[in-house]
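First comes the structure, then the notes that go with it.
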Protein chains: 2
Amino acid sequence: MARAAGVSQAAVSLVLGGKWHGRVSPGKAEAVRAAARELDYRPNPAARSLRLGRTRTALLVVPALTNEFFARLHSGAARVAAEHGFGVVLYPSPEGTGPARDPFGSASDALDGVIASSMASGALAALRPGGGLPLVMLDSDPEHTRASATVNLDIADGMRQTTAHLLGLGHRGLAHIAAAVDSWTFGVRARTLAGALRAAGCPAPAVLPAELSVAGGMRAAMAALAARPRPTALVCDDDLLAAGACKAARRLGLRVPEDVSVTGFDDLTLARAVEPELTTVRLPAEEAGAAGMRALLAVLDSRTGGAVLDSRTGGAVLDSRTGGGGPEGAGGPGRTVTLPVELTVRGSTGPPPEAPVRPGER
Amino acid sequence: MARAAGVSQAAVSLVLGGKWHGRVSPGKAEAVRAAARELDYRPNPAARSLRLGRTRTALLVVPALTNEFFARLHSGAARVAAEHGFGVVLYPSPEGTGPARDPFGSASDALDGVIASSMASGALAALRPGGGLPLVMLDSDPEHTRASATVNLDIADGMRQTTAHLLGLGHRGLAHIAAAVDSWTFGVRARTLAGALRAAGCPAPAVLPAELSVAGGMRAAMAALAARPRPTALVCDDDLLAAGACKAARRLGLRVPEDVSVTGFDDLTLARAVEPELTTVRLPAEEAGAAGMRALLAVLDSRTGGAVLDSRTGGAVLDSRTGGGGPEGAGGPGRTVTLPVELTVRGSTGPPPEAPVRPGER
DNA sequence: CTGAAAGCGCTTACAG
DNA sequence: CTGAAAGCGCTTACAG
């Protein structure tokens with residue numbers, strides 16, 4: 001551009017790249033900037049990528065973007081990426097929670113790194129980015145060693161809060177409407193619920209596997225509520241399942257929460273649309289996406305000696321983190337960050353029938 | 001790659017590009033393919049883009065991906081894109097339905113084309129892709145001349161079906177819970193509803209603007225239901241608003257549909273999660289996204305003399321279209337395609353109180 | 001049919 | 001401080 005527009009040739013690169021001090025005279029630099037402004041010049045990213053060997057592009061692998069949780073996750077990741085001149089490409093996964101098959105076989109862009117969230121257990125092996133691409137795992141088993149960093153939500157604590165809330169209300173007979181998805185995040189929910197009940201001296205929960213949808217939750221809850229003695233609370237792995245559980249109760253002539261309490265997970269828009277509104281664990285999805293992207297950028301930065309972040313932001317990645325990520329921030333290579341979650345109590349839970357809260361028990 | 005792996009140099013390009021017949025001997029061609037398989041070779045897309053001047057990347061501009069409608073739209077567009085070796089990048093728009101400010105100022109990839117959906121009226125002017133990038137509009141004013149093609153949903157027909165359904169049940173006093181978003185799609189809904197009621201000799205509907213959310217719908221519906229005579233049906237621009245309207249009714253001690261009927265638009269997951277389930281217009285969002293991408297690919301193809309599609313699929317774009325796009329298919333340059341929509345009747349509508357359906361009136 | 005070369009637009013050493 | 005050049009990995013004319 002500047003060849004025609006003003007002054008020299010590749011001084012443009014130096015000036016626009018911000019590394020001209022002591023290499024280009026101030027007058028020339030200003031001329032370059034003026035010309036760039038004038039022509040609305042933008043460096044060709046393909047040429048840039050070819051030269052640099054980096055693409056400023058991250059792949060985000062999620063089970064399904066039509067799930068609001070993952071849409072929020074994407075939103076947070078894309079925001080942070082954009083702040084640093086990065087793009088996000090989504091693995092075009094088919095509908096459903098199936099794992100990605102071969103994200104790297106598609107004609108996608110070349111990638112600088114990968115962020116994968118909530119993958120099914122078996123899908124980890126399939127994640128084989130060639131050439132040692134940095135991989136950040138979200139909502140996944142921190143023991144997975146392939147990951148440069150892991151950003152998790154405190155799923156276990158969310159389930160503990162849920163259980164404590166129900167036990168505090170006086171419930172003893174719980175059923176678990178469990179997502180029929182073989183992933184770490186749902187495994188934690190099941191184990192934590194079972195463990196908390198055991199610790200409280202309650203009977204083990206009935207476990208009803210459910211397809212991850214409103215209809216699936218309804219079917220599983222119908223079965224759960226047919227058992228005798230009937231459970232007084234249904235702990236659902238997800239708000240969709242919880243909405244379905246509420247429908248099942250109503251269909252059976254039971255009132256929520258008077259006859260049966262229902263809890264969810266996620267705090268989707270849906271949680272406040274249904275009646276009664278759902279008691280659910282709010283998961284900071286957008287923050288998780290943002291933290292995941294920050295962690296990836298940090299890994300990239302450390303591998304290139306600061307080239308990733310400095311070129312645009314002066315390396316402020318770790319300063320702009322969303323609070324709550326623990327004292328160490330969004331996580332450097334190999335680290336695991338766990339974001340706190342919080343139970344939001346709404347109308348779908350109450351004391352069990354014929355068993356009012358005993359004073360002193362919370 | 002093949003330099004080290006097997007035979008010649010740029011014969012690789014010919015062979016892998018599928019244009020080697022009569023230019024490379026069959027033996028060599030096979031050797032190249034074997035080597036490529038062996039090394040899991042993939043051409044560097046940056047180099048390819050630099051050379052070709054095309055990036056096989058489309059920008060999808062939507063108000064907010066956390067809205068399920070747009071997530072589905074994206075899903076359809078991404079699927080078709082992937083089938084043709086294209087990528088989709090999303091404009092990283094902030095939450096909310098605000099228009100995109102400057103999709104092209106970001107450090108995004110270079111683009112081959114743009115698909116924009118449901119933009120606010122004022123946002124059209126801001127859509128200024130440099131260099132005459134092809135633009136496909138979705139769910140937008142077909143009069144907008146900047147677009148190479150337009151893919152619409154038959155919003156007007158959906159509203160007519162809704163109105164006919166309610167009038168058929170005996171309703172005469174309708175209120176319109178209208179999304180407070182200045183876009184073509186919501187303008188059509190308002191005009192069509194008003195027109196249909198006028199044509200039927202009914203009073204004009206009260207129009208209550210509402211923020212596009214459950215809470216917004218609830219607030220507007222509370223106001224609508226405070227009017228006297230009270231409307232017997234609330235026509236909502238969106239399922240979120242409809243869910244809010246149901247909550248408002250319940251809060252006022254009114255039953256849905258016995259005391260007041262409620263209709264929505266979109267057929268989101270939410271529509272079947274609430275109780276009663278929503279009567280709503282199902283919008284084929286994924287098909288619209290797919291048709292939009294097909295239209296864009298067709299434009300690109302015509303501009304490059306077939307290079308876009310032939311290289312991978314033999315130009316089968318227009319053959320693989322989802323049915324229902326009208327006799328002309330997904331649309332060539334400058335054309336408008338309108339996808340049909342269908343009212344889905346569920347539990348949130350019924351006869352008005354004290355006005356049973358008169359026999360013969362549908 | 002085969003091979004050597006040009007050139008897409010950048011960035012970064014490398015001589016002046 | 002300035003300028004001319006190399007080279008990232010492709011694709012496509014262009015001579016043999």
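The chains referred to below are lettered A, B, ... by the order of the sequence lines, with proteins before strands, and numbering in each begins at 1. No hydrogens, no waters, no symmetry mates; every other heavy atom, side chains included, goes into these values.
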Item checked: Sequence-distant partners of B:E30, salt bridge (Lys or Arg N to Asp or Glu O under 4.0 Å), two or more places apart -> B:R33, B:R37
Notebook entry, point to check: If you check every side-chain atom of A:V24, which of D:dC10, D:dT2, C:dC10 has the closest atom?
Noted result: D:dT2
Checklist line | B:I115 side, atom CD1; B:S117 side, atom OG - distance, nearest 0.5 Å | finding: 9.5 Å
Notebook entry, point to check: Between B:S49 and D:dC10, is there a side-chain N or O to OP1/OP2 distance below 4.0 Å?
Noted result: no
Note to self: If the condition is side-chain hydrogen bond (donor to acceptor under 3.5 Å, both in side chains), which residues does B:D112 pass it with, not counting sequence neighbours?
What the structure shows: B:T55
Notebook entry, point to check: Below 4.0 angstrom from OP1 or OP2 of C:dC10, is there any side-chain N or O of A:Y41?
Noted result: yes
Notebook entry, point to check: Rounded to whole angstrom units, what separation is found between the CZ atom of A:R48 and the C1' atom of C:dC8?
Noted result: 17 Å
Next item on the list: With sequence neighbours left out, write down each residue that passes salt bridge (Lys or Arg N to Asp or Glu O under 4.0 Å) with B:R72, or none if nothing qualifies.
Entry: B:E68
Note to self: Let me spell it out: for each of B:A47 and B:W20, pick the nucleotide of DNA chain C with the closest heavy atom. Which residue's pick is nearer the 5' end?
What the structure shows: B:W20
Tabulate protein N/O versus nucleotide N/O from nucleotides 12-16 of chain C, keeping only pairs under 3.5 Å, one per line.
unit_1, atom_1, unit_2, atom_2, d
C:dT12, O4', A:R51, NH1, 3.3

Next item on the list: Take the protein atom CG of A:N44 and the nucleotide atom C1' of D:dC10, then report the distance between them rounded to whole Å.
Entry: 14 Å
Check: Starting at the 5' end of DNA chain C and moving along, which residue's nearest nucleotide shows up first, A:L50 or B:H21?
Finding: B:H21
Margin query: So that I can compare with my own list, what are the stems of DNA chain D, taken as at least three consecutive Watson-Crick or G-U pairs with distances under 3.5 Å?
Written below: C:1-3 with D:14-16, C:5-12 with D:5-12, C:14-16 with D:1-3
